[in-house]
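Below is one structure. I have some questions about it.
A, B, ... follow the sequence lines: proteins, then strands. Residue 1 opens every chain.
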2 protein chains.
Amino acid sequence: MTRPTPLALKPRKSPSQARSTATVEAIHTATIQLLLTDGVARLTTTRVAERAGVSVGTMYQYYPHKEALLFALVTAQLEAIAAAMENAAADLTGRSLCAISDGIAAAWLDAKTADIVGSRAIYGIAAEFDIVEMTRERSVQMIDAIETLLTTASDAVVARPREVAFMLLAVMGGSVRTVLERGARDEELEVLRAELPLVCRQYLAVSAHPLAARSDAEELTRV
Amino acid sequence: MTRPTPLALKPRKSPSQARSTATVEAIHTATIQLLLTDGVARLTTTRVAERAGVSVGTMYQYYPHKEALLFALVTAQLEAIAAAMENAAADLTGRSLCAISDGIAAAWLDAKTADIVGSRAIYGIAAEFDIVEMTRERSVQMIDAIETLLTTASDAVVARPREVAFMLLAVMGGSVRTVLERGARDEELEVLRAELPLVCRQYLAVSAHPLAARSDAEELTRV
DNA sequence: ACCTGAACACCGTTCAAGT
DNA sequence: ACCTGAACACCGTTCAAGT
C-alpha cells in the first residue's frame, strides 16, 4: 500500500502531489477491478473508495461525480488506441494496399487486445452519457488518419477514401467489440485474428482501382 | 390511455388479464421512451411506473427486479431479429453465394433498422448482467442458421463455414451497432447500407472455392 | 494540500392494505 | 386478480472538521 514517492525531489508541492497521484492511481485500479468482477451495475462509489483505501470524500476531490470517473477510464483507453493507430498509419504511408490493410487490421487487433481487461471493462460503460459524444470525436480523428493513409497507397487509388475509412473502422471496431464483449474466448479471438485481415483486404481491394493498367484489372474490382 | 379490452369476451379471467396486458405494455413502452430520452443511467423504477401510469408495486408484480425489465426488452428485440434472419435463411437456401451474401446483409440491415429506436435503447443495456449470456445463446442459434445456409450455396463451397458464419455475424452486428450507437445519422446509415453488402460479398468470395472449375478461378480466392 | 465520514436526498424493492 | 404507496436499506454527493 505504501509506495515510494518518486516525485519527492521536486519543490514544495511535490510530496503532497505524489500522494495524490498514488491516490488517483489507486482509484483508477480499484475501478477497473470492480468493473471486471462485478460489472457496471454494481460499481459503487463507496466500494471504489473502500477498495482504493481512501474515503468517498477523497474520490470526489478528483472526480466531480461517478460519470467523470468512468469517463476518465474511457478517455485513457481511447487515447492509447488512437495513438497506436496513428503510429501504424505513419509506418504504413506509401506502402501497397495489401500492406496497408494488413497493417491497419493488425494494429487495431493489437491495440484492443493489449488491454483486454480494460477494453472489456470499458465496453460496459461506453453507451453512457456524453461518452458517446467523446467517442465520436476520437473516431473522427482516426477516420481522418486512415483516410489520408489510404490515399498514399503505392499501387492503387481508393475511391471515396473517407467512406471506406469509416466503414473499415466500423467493421474492425464492431467485430472486435463483439468478440471481447462475449468474453474474449481464445477460440473466438483466434478466428477474429485470422479472418479480420481477410475481411479488410478484400473490402479494400474492391474499393480501389489498381494504378498500373493490367489486363486482369477486373480482379481488383467487383466479383 | 383507456384502451378497448380486446379479450373481454373471454370467460372470467379475461377482463383482468386484458387489464394486466395493457399494464405490461404500458410499462414496456414507458421504459423504451425513458431509455431513449434519458439513457440507462437515469432509468428509474419510480419514473417508469409514473410514466406508465401505475404504481411501483405494480411493476414489481410483473418484473421481479429492474434487470428483468431490461432483460425482457432485449429478449423481444433479439427474438425478432433472430426470426427475421431465419426467414431470410429459408428464402436464400440453395441460391448463389452472391445472392446469399446480399440477402443476409439486407435482412440484417432491415431487421436492425426497422426498430432503430428500440435497437438504440437496447445497446445501452446490452453489456449488463447475464444479458451477455442470453445474447450468446441467441447468436449461436443465428450462427447455426447461417452456417447451414452457406453450405447450400449453389455455385461454391465455403471452407470452414462455421468460422465464416461467426465472422459474418460479428462484422454485421458490430458495424451496425457502431453506426446506431453513434446516433444512426442518415449519412452514416447510407454508407453502411452501400458498403456492408460489399464487405460481406468480398469476404464470402475469398472464403469459397467455386464449384465449376474455371481458368480464372483465382478471381474468387485471394487477391 | 489532502483526507475523513456523518448527513441528506433519492433509488430499488417489499409488503400490508385496498378494490 | 390486480393495484397502491409508505417503509427500509443502500447509493451518490456534500461539506464541516480534521491533519
- line: Pairs under 3.5 Å (Watson-Crick or G-U), crossing ones as [ ], inter-strand ones as |: DNA chain C comes out as ||.|||||...|||||.||
message: By nearest atom, which of the nucleotides D:dC2, C:dC11, C:dC3 is closest to the B:R47 side chain?
response: C:dC11
message: With a 4.0 Å cutoff (strictly under), does any side-chain N or O of B:T23 reach OP1 or OP2 of D:dC3?
response: yes
message: In whole Å, I'd like the distance from the CG atom of B:L70 to the C1' atom of C:dG12.
response: 13 Å
- request: Determine yes or no for a side-chain-to-main-chain donor-acceptor pair under 3.5 angstrom, with A:S101 supplying the side chain and A:L97 the backbone.
  value: no
message: I'd like to know if the side chain of B:S175 and the backbone of A:A170 have a donor-acceptor N/O pair within less than 3.5 Å.
response: no
Closest to the B:K66 side chain, choosing from C:dG12, D:dC2, D:dT4: C:dG12
message: How many whole angstroms separate atom CG of A:L34 from atom C1' of D:dC11?
response: 14 Å
field: Upstream residue (5' side of DNA chain D) when B:G53 and A:T44 are each assigned their closest nucleotide
entry: B:G53
- prompt: A:L43 near the nucleic acid: base, sugar-phosphate alone, or nothing, with a heavy-atom cut-off under 4.0 Å?
  reply: sugar-phosphate
message: Quick test of your reading of the model: are B:E181 and A:R177 salt-bridged, counting only N-O distances below 4.0 Å?
response: yes
- prompt: Between the side chains of A:S139 and B:R182, is a donor N or O closer than 3.5 angstrom to an acceptor N or O?
  reply: yes
statement: Atom CD1 of A:I27 and atom C1' of C:dC3 are separated, to the nearest Å, by 11 Å
Within the sub-3.5 Å range, which N or O atoms of nucleotides 14-19 of chain C have a protein N or O partner, and how far apart are they?
none

message: Whole angstroms only, please: what is the OH-P distance between A:Y62 and D:dT13?
response: 18 Å
task: May I ask you to say what B:Y63 touches in the nucleic acid, namely base, sugar-phosphate or nothing, with a heavy-atom cut-off under 4.0 Å?
output: nothing
query: Less than 4.0 Å between a side-chain N and a carboxylate O, is that true for A:R193 and A:E188?
result: no
task: Identify whether any heavy atom of A:T45 sits under 4.0 Å from a base atom; if not, whether one sits that close to sugar-phosphate; answer base, sugar-phosphate or nothing.
output: base
field: Protein-nucleotide distance (A:Q61, atom CD; C:dA1, atom P), rounded to Å
entry: 11 Å
- request: May I ask you to say whether A:E195 pairs ionically with B:R160, meaning some side-chain N is under 4.0 Å from a carboxylate O?
  value: yes
- prompt: Which pairs, with at least one residue in residues 77-91 of chain B and sequence neighbours excluded, count as a salt bridge (charged side-chain N to carboxylate O under 4.0 Å, His left out)?
  reply: B:E79-B:R138
- prompt: At what distance, to the nearest 0.5 angstrom, does CD of A:Q202 lie from SG of B:C200?
  reply: 12.5 Å
message: Quick check for you: among C:dG12, C:dG5, D:dT4, whose closest atom lies nearest to any side-chain atom of A:S55?
response: C:dG5
message: Counting only heavy atoms from other residues, nucleotides and ligands, does the tally under 6.0 Å from CZ of B:R95 exceed 12?
response: no
task: Measure from CZ on B:R42 to P on C:dC11 and round the result to the nearest Å.
output: 11 Å
